[in-house]
Amino acid sequence: MMFTHNSNGNFCPISLSDLARSAEKANHYLAKIPEILGSNTNQFYSSLNQRNISGFVGEVLKHAIHATDQNFFPNPHPDGRPDLLNLSDPSVRHYFESTCYDTASLRPIREHLAPFRHGGVEIKCTIGDIRTASSYGIGQPRQAAITNLTYWAHHAHACDLLGCYYDFCPQTHGSPQIKAIFFARLDQSDWNKVSVGKSDKKKTSNTATNSLGKAKIKSGCLIYQDSHKDCLIRLGVKIS
């Protein structure tokens, strides 16, 4: 299914045409990977479980963008941020190639990549907020039930956020499919206070976009699929 461009005046370093091509590539891969691995859609995505599917969709989109425009390079460190490094400036590319890898082991250097001093694009994905999420199984569309779009992170920091909204799609046997992509320049104040849990518990720190952050994201819709246009409008997304 093709994507509709949405002109909203927001600056995004990735062109809308490249972003649409990247989302189409990602959707094709998300639909085909169970078959490639000798599984079926429900088995494969159930094995990931909902907690990990959003991250998986983001990883697929990240690499699809890189395949479309190699000026955007996946951050090579597992703890690195942002997710995509913008290497379109030759001096930034030189810094990355000459400074960010250990010369002996060729391993990426965390101090130079978490964060990367020259920035880039952070990618976050959501299937949307649902009051009765436990009643929806993997592969079951949720567009009629979602009440908001919330993006989660480990850090409350300013970033250029590429927000992806996806849903399970019957036309691809219930695989997750990207339905809209947003861009917003978020400040630290656009995130809730970071929750770190108790010191004796194994809990990863996390935070989520607050009402200010959500409003910024909803005003920055770049592309969307017509199948979910009414859903997006209902949620307050600005569609031109």
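Values reported hereafter were calculated over all heavy atoms of this structure, with side chains retained and with hydrogens, waters and symmetry mates removed.
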Query raised in the report: Can you tell me how far CG of Asn75 sits from NE2 of His112, rounded to the nearest 0.5 angstrom?
Result: 12.5 Å
**Report entry** Exercise: do Ser240 and Asn6 side chains pair donor with acceptor under 3.5 Å
**Finding:** yes
Query raised in the report: Which distance, rounded to the nearest 0.5 Å, do you find between the CD of Gln188 and the NE2 of His155?
Result: 12.0 Å
Query raised in the report: With Thr4, which residues qualify under side-chain hydrogen bond (donor to acceptor under 3.5 Å, both in side chains), at least two apart?
Result: Asp226
Report task. Check the pair Ile33 / Ser175 against side-chain contact (heavy atoms from CB on, under 4.5 Å), numbers first and verdict last. Result -> CA-CA 10 Å; Ile33 188 171; Ser175 69; over 6 Å; no
Query - Flag for Thr150-Asp129: side-chain donor and acceptor within less than 3.5 Å - result: yes
Query - Verdict with supporting geometry, Asp89 and Ser91, side-chain hydrogen bond (donor to acceptor under 3.5 Å, both in side chains) - result: CA-CA 6 Å; Asp89 186 318; Ser91 64; 2.7 Å; yes
Query raised in the report: Listed by chain and number, what are the side-chain hydrogen bond (donor to acceptor under 3.5 Å, both in side chains) partners of Asp230, not counting sequence neighbours?
Result: none
Report task. With sequence neighbours left out, write down each residue that passes side chain to side chain contact (heavy atoms under 4.5 Å, CB included) with Ser98, or none if nothing qualifies. Result -> His94
**Report entry** Rounded distance [0.5 Å steps], CD in Gln140 versus CZ in Arg142
**Finding:** 7.5 Å
**Report entry** Test side-chain hydrogen bond (donor to acceptor under 3.5 Å, both in side chains) applied to Asn27 - qualifying residues, sequence neighbours left out
**Finding:** none
Requested in this report: Among Thr172, Asn40, Thr41, Asn42, find the residue that satisfies the side-chain contact (heavy atoms from CB on, under 4.5 Å) test when tested with Pro34.
Outcome: Thr41
**Report entry** Distance-only polar pair, side chains of Lys193 and Thr207, donor-acceptor under 3.5 Å
**Finding:** no
Query raised in the report: Distance from Leu61 atom CG to Ile65 atom CD1, nearest 0.5 Å?
Result: 4.0 Å
Query raised in the report: Does a donor on one side chain sit under 3.5 Å from an acceptor on the other, for Asn86 and Ser88?
Result: yes
Requested in this report: Return the minimal non-hydrogen interatomic distance between Met2 and Gln225, and the atom names on each side.
Outcome: O-CG, 3.7 Å
Query - For Ser54, all residues meeting side chain to side chain contact (heavy atoms under 4.5 Å, CB included), sequence neighbours excluded - result: Gln50, Cys125, Tyr166
**Report entry** Side-chain heavy atoms of Leu16 within contact of Phe3, under 4.5 Å
**Finding:** no
**Report entry** From Asp102 atom CG to Ile109 atom CD1, the distance as rounded to the nearest 0.5 Å
**Finding:** 5.5 Å
Query raised in the report: Checking side-chain contact (heavy atoms from CB on, under 4.5 Å) for the pair Cys164/Thr126: CA distance, chi angles, key distance, verdict?
Result: CA-CA 6 Å; Cys164 163; Thr126 184; over 6 Å; no
**Report entry** Neighbour count >12 (heavy atoms, 6.0 Å) for atom CZ, Arg234
**Finding:** yes
Query raised in the report: Tracing side-chain links under 4.5 Å among I, L, V, M, F, W and Y, which residues wind up in one group with Leu232?
Result: Ile130, Tyr136, Ile146, Leu149, Tyr151, Leu161, Tyr165, Phe182, Leu186, Trp191, Ile217, Tyr224, Ile233, Leu235, Val237, Ile239
**Report entry** Donor-acceptor contact present, side-chain Asp83 to main-chain Ile123, <3.5 Å
**Finding:** yes
Query raised in the report: Which residues satisfy the side-chain hydrogen bond (donor to acceptor under 3.5 Å, both in side chains) test with Arg185, sequence neighbours excluded?
Result: Asp160
Query raised in the report: Passes side-chain contact (heavy atoms from CB on, under 4.5 Å), Ile178 versus Ile181? Steps please.
Result: CA-CA 8 Å; Ile178 295 168; Ile181 293 180; 3.9 Å; yes
Query raised in the report: Who else is in the cluster with Leu106 when I, L, V, M, F, W and Y are joined by side-chain contacts under 4.5 Å?
Result: none
Report task. Check the pair Asp187, Lys216 against side-chain contact (heavy atoms from CB on, under 4.5 Å), reporting the backbone distance first and the verdict last. Result -> CA-CA 10 Å; Asp187 301 314; Lys216 282 186 179 181; 3.1 Å; yes
Query raised in the report: Any donor and acceptor pair, going by atom type alone, linking the side chain of Ser46 with main-chain N or O of Gln43 inside 3.5 Å?
Result: no
**Report entry** Residue pairs fulfilling side-chain hydrogen bond (donor to acceptor under 3.5 Å, both in side chains) with at least one residue in residues 29-38, sequence neighbours excluded
**Finding:** none
Query raised in the report: side chain to side chain contact (heavy atoms under 4.5 Å, CB included) with Arg21: which residues, sequence neighbours excluded?
Result: Ser17, Asp18, Thr68
**Report entry** Donor-acceptor pair, side chain of His66 and main chain of Pro74, under 3.5 angstrom
**Finding:** no
Requested in this report: Please check if Phe56 and Leu84 belong to a single hydrophobic cluster, counting links between Ile, Leu, Val, Met, Phe, Trp and Tyr side chain heavy atoms closer than 4.5 Å.
Outcome: yes
Query raised in the report: Is His228 reaching over with its side chain to a backbone N or O of Lys179, donor-acceptor style, under 3.5 angstrom?
Result: no
Query raised in the report: Just wondering, are more than 12 heavy atoms of other shown residues or ligands nearer than 6.0 Å to NE2 in His5?
Result: yes
Query raised in the report: Which atoms form the tightest heavy-atom contact between Cys231 and Gln143, and what is the distance?
Result: SG-O, 3.5 Å
Query raised in the report: How about Ile53 and Ile138: do any of their side-chain heavy atoms sit closer than 4.5 Å?
Result: yes
Query raised in the report: Does Pro141 have any side chain to side chain contact (heavy atoms under 4.5 Å, CB included) partners at least two apart in sequence or in another chain, and if so, which?
Result: Asp167, Pro170
Query - Flag if over 12 foreign heavy atoms under 6.0 Å of NZ, Lys25 - result: yes
Query - Leu85: hydrophobic cluster co-members (side-chain, 4.5 Å) - result: Phe73, Leu87, Val92, Tyr95, Phe96, Tyr101, Leu113, Phe116
Query raised in the report: Rounded to the nearest 0.5 Å, how far apart are CG of Leu19 and CZ of Phe72?
Result: 9.5 Å
Report task. Write down the atom of Pro108, the atom of Pro76, and the distance for their closest heavy-atom approach. Result -> CG-O, 3.6 Å
